[in-house]
Amino acid sequence: MNERRKPYSFDRFEPKWQAIWDARQPFHAANPGDANFDPGKPKFYVLDMYPYPSGTGLHVGHPEGYTATDIIARYKRMNGFNVLHPMGWDAFGLPAEQYAIKTGQHPAITTRENVAKFKAQLKRIGFSYDWQREINTTAPEYYRWTQWIFLQLYGAWCNPQTQKAEPIATYEGDEPDAVRLAYVADVPVNWCPELGTVLANEEVIDGKSEVGGFPVVRRPMRQWMLRITAFAERLIDELAPLDWPDGIKALQRNWIGRSVGAVVQFRIAEGSAGFRPADSGILAGIPETNGKGARKIPAHANKMSALPQITVFTTRPDTLYGATYLVLSPEHPFVDALSTRENAAAVASYRAEIVSKSDLERTDLAQEKRGVFTGAFAINPANDERIPVWIADYVLMGYGTGAIMAVPAHDERDFEFAQKFQLPIREVVAPEPRSNDGGERPCSSPPLVCMVEPGFAMNSPLIDGLPTEAARNTIIEWLEAQGMGQRTVVYKLRDWLFSRQRYWGEPFPIVWRNGQHEALPEGELPVETPALDDFKPTGTGEPPLAKAKDWVRHSESAMRETNTMPQWAGSCWYYLRFCDPRNEERFVGEQAEQYWMGGGKPGGVDLYVGGTEHAVLHLLYARFWHKVLFDLGYVSKPEPFQRLVNQGIILGEDGQKMSKSRGNVVNPDDVIDQYGADAFRCYEMFMGPLEQMKPWSMKGVEGVARFLARVWRLVMEENQAGDWVLASSVQDIKPEKPLLKVLHATIKKVGEDIETLSFNTAISQMMICVNALTNLPVKPVGSLRTFLILLNPFAPHLTSELWQTLAGPFADGAGEIDAQRWPTHDPQLLVEDEVEIILQVNGKVRDRVRVPLGASDVELERIARANVRIAEFTAGKTIRKVVVIRNKLVNFVAT
RNA sequence: GCCAGGGUGGCGAAAUUGGCAGACGCGCCAGACUUAGGAUCUGGUGUCGCAAGACGUGCAGGUUCGAGUCCUGUCCCUGGCACCA
């Protein structure tokens with residue numbers, strides 16, 4: 001593009017101002033204790049979700065949220081806040097490692113190159129980050145503290161009495177390793193042979209790896225786990241006071257998946273099986289503690305009685321009389337022992353079939369229910385009835401107790417199963433209270449449909465006629481009195497699988513001695529990643545770090561842990577490090593943490609902007625770590641992020657998701673080359689509401705560029721040589737009232753809109769203001785200056801340049817524009833002395849008239865009645881009613 | 001199936017407590033200035049209609065003097081969860 005084509009010379013002044021900002025550091029925020037710290041100012045912490053610096057560079061989605069936060073940051077600074085607005089790099093992760101495997105280039109090199117690229121791109125957009133606070137999760141100075149926090153988790157437990165993390169020293173039991181927040185367990189994990197690593201449940205989509213789409217199989221392995229389930233209750237409850245979108249809160253609640261119900265014990269009927277249940281506490285998904293009551297869940301429930309019992313979890317204990325069979329998960333440890341000789345073969349072959357299936361096949365909802373009878377019977381504690389015990393893969397080992405009581409009349413899945421295998425169906429809940437004619441009896445004509453809704457108990461002697469809620473409570477009390485069950489809360493949330501078999505991640509600060517794990521002393525941190533030439537996975541599940549033989553050998557008797565932490569680890573606390581990024585004594589200085597993460601709200605970061613894709617994982621994990629640190633006294637607030645906003649996805653021009661394969665990807669660099677950074681920023685904000693999904697449009701960018709060019713030409717004109725010089729129409733005169741009015745309306749609206757993140761309408765209003773200014777033959781310099789300040793957060797380069805240009809010939813423009821105070825509007829100037837009111841007949845607008853502001857109802861009606869148009873439309877009709885709304889309208893109801 | 005969000009011109013979108021639907025921008029049309037215009041400026045632009053006027057915020061009802069906005073039902077789209085007992 002040649003020079004003449006450029007609407008204004010952004011390519012000259014944008015780099016100029018970026019260089020000035022680099023040199024003068026006007027956006028550096030001082031910490032408490034620093035020489036130039038001003039304690040009189042309130043703080044504002046506005047944070048972006050930091051990026052993974054990929055090889056492909058920024059796409060237009062990144063700068064959407066970044067521009068929004070940049071506008072807020074600049075606006076808040078001009079409003080007298082100390083603003084913390086940092087940026088860093090989430091640089092551990094698979095792509096760099098995959099690249100290393102392919103090319104042999106060390107991930108550290110790839111990372112350094114990518115970070116440089118990203119940083120250059122971000123600077124080109126003119127973001128006002130405090131680059132002195134830049135952090136990188138792969139720097140040993142950073143991950144030293146990630147490892148330190150892990151040690152806090154390892155050295156803590158969650159006290160069920162208080163529901164709070166405490167140092168492990170306060171635990172009085174004899175198995176500290178069973179309660180640590182970081183613990184080792186042999187668990188069936190998502191093993192991805194292709195990637196040579198284990199994946200978290202969240203990283204597996206439809207039985208395939210989220211990264212790469214490779215098949216994933218289940219396989220038991222020794223893994224590090226974090227006991228996030230101990231905080232399930234608080235992670236739900238403490239969402240309430242946060243200013244997050246309701247949808248995100250719902251997503252988190254749903255993910256945690258709290259269900260209130262009861263565990264119920266079913267005795268195994270004598271002579272029905274071999275009574276050799278494996279000794280095992282099997283309550284996946286049930287934390288050690290149980291909500292408010294902090295009761296110990298009977299994890300040993302299955303060995304409480306002399307006789308073997310099957311423990312089930314149900315949310316509908318009121319339907320106990322309708323439980324006509326039990327179903328165990330195929331992986332349930334009792335299965336072998338329960339199976340009778342005649343059924344053993346069928347059971348074994350069914351289990352073999354299930355094991356061979358991928359998660360994808362297994363969870364396919366469309367298929368018919370499958371299962372086999374074990375040959376065993378259990379006793380329903382409510383009515384002592386012998387009911388058959390089946391196994392079926394629709395019962396998941398990972399949730400509840402891995403066993404259910406099937407109530408086919410009132411549960412869709414059980415209903416479907418019972419129909420397929422002709423199991424009895426007994427109705428025990430009626431939509432209306434129903435008189436009971438003599439106790440329960442098997443339904444002679446089983447219901448054709450199952451009713452899952454609450455209703456009134458029937459065929460259930462203990463609770464007949466009671467509404468579901470009351471019936472539920474009565475049954476639970478009865479079960480508890482009998483020692484056959486207990487009120488219980490279970491969660492879908494599982495403990496967090498925290499180890500990965502990867503090279504490019506934080507090593508664990510742990511060594512193994514005589515088969516026992518042990519924390520390294522803090523003095524040995526950071527445990528640095530060993531040098532390695534070959535990053536390939538071992539294929540056996542042993543992590544690549546195991547190849548660094550010298551490194552692994554910590555001492556004569558101790559070997560290092562060779563797993564690494566998942567990518568989430570670094571992002572669980574980066575917002576804390578930003579407060580005090582160079583501290584070598586502590587993960588964050590106390591004073592800095594109290595200042596930036598303090599305030600009157602439960603959450604420390606005032607505004608956090610990022611994509612919805614992190615709605616559950618990152619945000620849940622970070623909240624969990626934060627709570628642990630809070631409980632242990634290291635941070636001052638229980639929640640990390642007070643206000644959360646998700647920016648919407650930007651689609652390609654074709655309305656499709658941007659992707660290389662579709663060829664609809666928009667590169668920010670190209671846009672900036674053509675239209676400049678300010679136009680790029682403003683367009684991203686002008687497209688539509690921040691939180692909404694919206695398609696890119698190059699034409700739209702042009703429109704916004706035109707707007708900025710008009711701003712440029714308000715101040716500048718081309719002389720005969722073709723150079724831009726200060727326009728002669730800019731003069732130091734007093735603005736007329738109409739201009740003042742639109743200017744002050746703009747001050748008001750832009751301020752309000754920035755506060756509510758409605759940047760699109762703020763820009764609309766500024767366009768209106770520019771149109772008004774353009775039409776004036778002489779432009780008052782004071783009004784132009786005020787306008788430039790309003791536009792500055794959106795278009796910082798352009799406004800800086802014009803501000804500086806005006807500073808020469810005119811007085812009163814001291815200092816850079818970003819050091820100016822945000823203007824306040826004068827409400828007096830906005831008051832109209834006349835308003836236009838509309839005249840309606842039967843709700844239809846027939847005319848409009850200008851009347852003095854505040855004209856009385858009587859006056860308005862008089863004016864309306866005298867109106868010709870009104871007379872025309874009411875002619876021949878009777879006026880039934882007149883509605884007068886002051887300063888708005890008069891409506892005649894006529895028939 | 002469940003949860004959340006959303007359906008307004010040719011397009012992106014605006015619209016305090018219910019009170020002029022379509023601000024602002026794109027596109028399009030016309031004009032001005034120009035050797036020229038893919039620059040700039042001015043005016044117009046929801047649909048139908050020559051007009052008066054009628055119609056118009058996914059669809060069908062309802063409340064109201066008055067509904068994009070409130071209520072009931074329904075359809076469609078996007079995102080998330082999905083045999084969670």
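Numbered from 1 within each chain, the chains take letters A, B, ... in sequence-line order. None of these values were measured; they are calculated from a predicted model.
- Close to U64(B), at under 4.0 Å from its OP1 or OP2, lies no side-chain N or O of Asn891(A).
- When heavy atoms are screened at a 4.0 angstrom cut-off, Pro245(A) is found touching no nucleic acid atom at all.
- Put simply, Gln692(A) has a side-chain N or O that comes within less than 4.0 Å of OP1 or OP2 on A13(B).
- When heavy atoms are screened at a 4.0 angstrom cut-off, Asn775(A) is found touching the sugar-phosphate backbone but no base atom.
- Counting non-hydrogen atoms under 4.0 angstrom, Leu251(A) reaches the backbone sugars and phosphates but no base.
- Judged by distance alone, the side chains of Asp414(A) and Tyr325(A) never bring a donor and an acceptor atom under 3.5 Å apart.
- Scanning atom types as modelled, no donor and acceptor separated by under 3.5 angstrom connect the side chain of Lys888(A) and the base of C20(B).
- When distances are taken from the side chain of Met767(A) to each of C83(B), C24(B), G19(B), the shortest belongs to C24(B).
- Residue Arg846(A) is classed as a sugar-phosphate contact, given heavy-atom separations below 4.0 Å to backbone atoms only.
- Side-chain proximity of Asn254(A) to C81(B), G27(B), A54(B): nearest is C81(B).
- In this structure, Arg258(A) atom CZ and C2(B) atom C1' are separated by 19 Å, rounded to whole Å.
- The side chain of Val845(A) lies closest to A21(B) when the candidates are C24(B), A21(B), A54(B).
- Distance CD1 (Ile391(A)) to P (A85(B)): 22 Å, rounded to an integer number of Å.
- Side-chain N/O atoms of Arg869(A) include none lying less than 4.0 angstrom from OP1 or OP2 on A52(B).
- In this model, no donor atom of one side chain and acceptor atom of the other lie less than 3.5 Å apart for Thr67(A) and Glu684(A).
- At the phosphate of A85(B), OP1 or OP2 sits under 4.0 Å from a side-chain N or O atom of Ser259(A).
- Within 4.0 Å (heavy atoms only), Leu889(A) reaches at least one base atom of the nucleic acid.
- Residue Arg850(A) is classed as having no contact, given no heavy-atom separation below 4.0 Å to the nucleic acid.
- Ranking C3(B), G19(B), A23(B) by closeness to the Ser764(A) side chain, first place goes to A23(B).
- For Lys844(A), the side-chain atoms get nearest to A54(B) when compared with the rest of C20(B), G27(B), A54(B).
- Judged by distance alone, the side chains of Asn867(A) and Arg846(A) never bring a donor and an acceptor atom under 3.5 Å apart.
- Regarding the sugar-base torsion, G9(B) falls in the syn class, its angle being within 90° of 0.
- With distances taken from any side-chain atom of Tyr399(A) to the nucleotides U42(B), A85(B), G53(B), the minimum falls on A85(B).
- Across all strands, Gly257(A) comes closer than 4.0 Å to no nucleic acid atom at all (heavy-atom distances).
- Using the six-membered ring where Trp is involved, Phe313(A) and Tyr399(A) have ring planes that are perpendicular, over 60° apart on the 30 and 60° scheme.
- When rounded to the nearest whole Å, the span between CD of Glu653(A) and P of G10(B) equals 20 Å.
- Thr488(A) and Gln486(A) share no side-chain donor-acceptor pair at under 3.5 Å.
- When each of C81(B), C20(B), A85(B) is scored by its nearest atom to the side-chain atoms of Lys492(A), the top-ranked nucleotide is C81(B).
- Salt bridge status for Lys748(A) with Glu752(A): present, with a side-chain N to carboxylate O gap under 4.0 Å.
- Distances from the side chain of Asn771(A) to the nucleotides G25(B), C81(B), G80(B) place G25(B) closest.
- Looking at the side chain of Thr315(A), the nearest of the listed nucleotides C81(B), C20(B), A85(B) is A85(B).
- With C20(B), G12(B), A14(B) as the candidates, the nucleotide lying closest to the side chain of Phe686(A) is G12(B).
- Protein atom CG of Leu239(A) is 15 Å distant from nucleotide atom C1' of A4(B), rounded to whole Å.
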